[in-house]
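Predicted model, so just to flag it, every value in this text is computed and none were measured. Reminder, nothing fancy here: chain letters follow the sequence lines and each chain counts from 1.
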Amino acid sequence: MLELAIGIILGGCALGAGCAMIAGIGPGIGEGNAVAKACEAIGRQPESRSAVTTTMLMGCAVAETTGLYALVIAILLIFVAPGRFVEILLNAIK
Amino acid sequence: MSKKTTAFKIRDILFITMMILPILAGILLKVLFIPASDGISITGAHVFFTIDFPIQPLIISEAQVNSWLVIISLFFFCLFMTNGIKAGIHTKRQVLAEWMVESVENLVKSNMGEYFIGFAPFVAAIMALSAFSSLLSLTGLFPPTSDLNIVAGWALLVFFLITYYKMKCGPLHYLKSFGEPVPFLAPLNIISEVATPVSMAFRHYGNILSGSVISVLVASALQGLTHLLMGKLPGWLGEFPFLRIGIPAVLSIYFDVFSGLLQAFIFAMLTMLYIGGAFALEDYLAIQAKKKKTRTKINT
C-alpha cells in the first residue's frame, strides 16, 4: 500500500512537471516573432544592426520570463517536491 | 617605453598568483570535502556547514564559498589591470583597462542618462561578477549563479535601489505612483513591483541551471549510447564512455559561455533600465527648484 502511495506521488510530480513545460510554447512563438521582426528591420536598415540586436536580445530575455517560471516550477516538482511529499506521507502514517 | 622595475614585476606576479589561487582553492575544497558522484546525479550546492541562528540556521554552501572566491579573484584582477597605471604612458594593459571603463561608462550614459554616471562601477561590478560566476563552471566548480539564493541577493539589491530612487521624489510621490492610471489597480501595481526582482532572479538562475541540467542529461545519454554500442568489447574498452569525449563540449560552448555572458549582459541592462526608469528626473529637478525658491524667500 505504501509503495502504491509513493508511486502515485512520484508519477504525479512527473506529470505535473511535464504539464508545466507546456508553457514553453508561448516564449517560443514570442521570441520567434521578435527575431523575425528584427531580421526585417536589419534587412531594411543594415546600418542599425547593433542597436536592433541589443534591443532584440533584451526583448527576448523579457519574453522568456514566463517560460522560465514554468521551468523553475518543473525543476522544483522533479527535484524537491517528491522528497517533501514522501516525508509528509511517512509522518502522517506515524 | 619605460623600463619595468623589480617592484612592478613582483606586484604583477603577486596579483596573478592571487587571481589563480582562489580557483585552485575551490578545486581543492571540492576534491577534499564533496563526495564524488558518477556524473549523472543532479544535486544542488553542497552544504559545508551551518551556523545556528535564532530564527533560521545560516547555511554556508558551495555557492556562497565559490561566489566569494570569484570576488577575491576579480579584486586581484582589477589590481593587476591597474598596476603601474600612469597618465600618458600607454601600455597594452592600460589601453585595455581604459577601454573597459569607457565602454561601461558609455553604456550607462546611453541607457540611464548623464545623471547616473556614478552607477558605472556598480553596473560593471554586477556584470563582471555574473559573467565570471557563470564561467566558473568551465573549471568544473559549481557556478554560483545556478543557485537561486545568490542571484536573488543581487536582485534584492537592485530592488532596494529601485525603491530608493522612486522614494527620492518624496514618499507621497512614491505612494501616489501605485494608483497611477486608476486607484483600484493598486494591488496589481504592488504585484508588478514585487515581480521585478523575482523575474530578474528567476531569469538568470533558470537559464544557467537549465543549461547545466541539459548538459548532464546529454552526457548520461551519451554514456548509455556508448554502453549500448561498445558494451561487448573486452575489459576497460567496454566500460570507457567514448562518446562522452568532446561532444558535450559543444553544448558547453552554448550553455556555459554564450548563455552565461548573455545573461550577465541582460542582468546589467535590466538593472540599468529599471533604476533609470524608476527615477523621474524632471519631477525631482522641479521639486528641488521649488525648494530652493522657498528657501531663498525665507532667507530674504
Side-chain angles (χ1 to χ4, degrees), chain A residues 10 13-35 38-39 41-42 45 47-87, chain B residues 37 40-45 103 106-108 110-112 127 130 145-149 151-152 155 191-192 194-217 255 258-274 276-277:
Chain A
L10 292 180
C13 286
L15 268 179
C19 291
M21 284 318 289
I22 293 175
I25 294 172
I29 295 172
E31 282 180 33
N33 270 334
V35 176
C39 286
I42 291 174
Q45 289 176 311
E47 68 277 3
S48 67
R49 184 194 177 90
S50 62
V52 169
T53 312
T54 313
T55 317
M56 183 200 75
L57 283 178
M58 285 294 305
C60 281
V62 175
E64 222 174 22
T65 311
T66 49
L68 285 168
Y69 286 159
L71 177 79
V72 169
I73 289 169
I75 284 171
L76 286 179
L77 273 174
I78 290 176
F79 293 117
V80 182
R84 284 276 171 84
F85 289 152
V86 169
E87 205 174 291
Chain B
S37 64
I40 293 170
S41 65
I42 300 165
T43 51
S103 56
N106 283 336
L107 198 68
V108 171
S110 65
N111 282 312
M112 297 168 88
M127 212 190 276
S130 167
T145 39
S146 72
D147 190 320
L148 182 57
N149 302 317
V151 193
I191 288 173
S192 78
V194 176
T196 307
V198 171
S199 77
M200 275 177 91
F202 276 4
R203 182 176 302 125
H204 200 314
Y205 154 79
N207 267 295
I208 306 292
L209 184 72
S210 65
S212 64
V213 168
I214 291 171
S215 301
V216 169
L217 287 180
F255 285 122
F258 176 72
S259 186
L261 295 180
L262 186 68
Q263 286 310 311
F265 177 70
I266 285 169
F267 196 90
M269 279 294 277
L270 284 178
T271 305
M272 285 188 284
L273 291 179
Y274 281 138

Nearest heavy-atom approach of A:A61 to B:I266 is CB-CD1, 3.3 Å
What one should report as the nearest heavy-atom pair of B:S199 and A:Y69 is CB-OH, 3.1 Å
Flag side-chain contact, heavy atom, 4.5 Å: B:L273 against A:M58: yes
Nearest 0.5 Å please: distance from the CG atom of A:L71 over to the CZ atom of B:F202. 10.5 Å
Rounded to the nearest 0.5 Å, how far does CE of B:M269 lie from CG of A:L57? 9.0 Å
With a 3.5 Å distance limit and no angle check, can you tell me whether B:R203 reaches the backbone of A:L68 through a side-chain donor-acceptor pair? no
Just wondering, are more than 12 heavy atoms of other shown residues or ligands nearer than 6.0 Å to OH in B:Y274? yes
Segment of A:I78 engaging chain B (4.5 angstrom heavy-atom cut-off): neither
Of the backbone (N, CA, C, O) and the side chain (C-beta and beyond), which part of A:T54 lies under 4.5 Å from a heavy atom of chain B, both, or neither? side chain
Please identify, among B:V198, B:L262, B:N207, B:L148, the residue contributing the most non-hydrogen atom pairs under 4.5 Å to chain A. B:N207
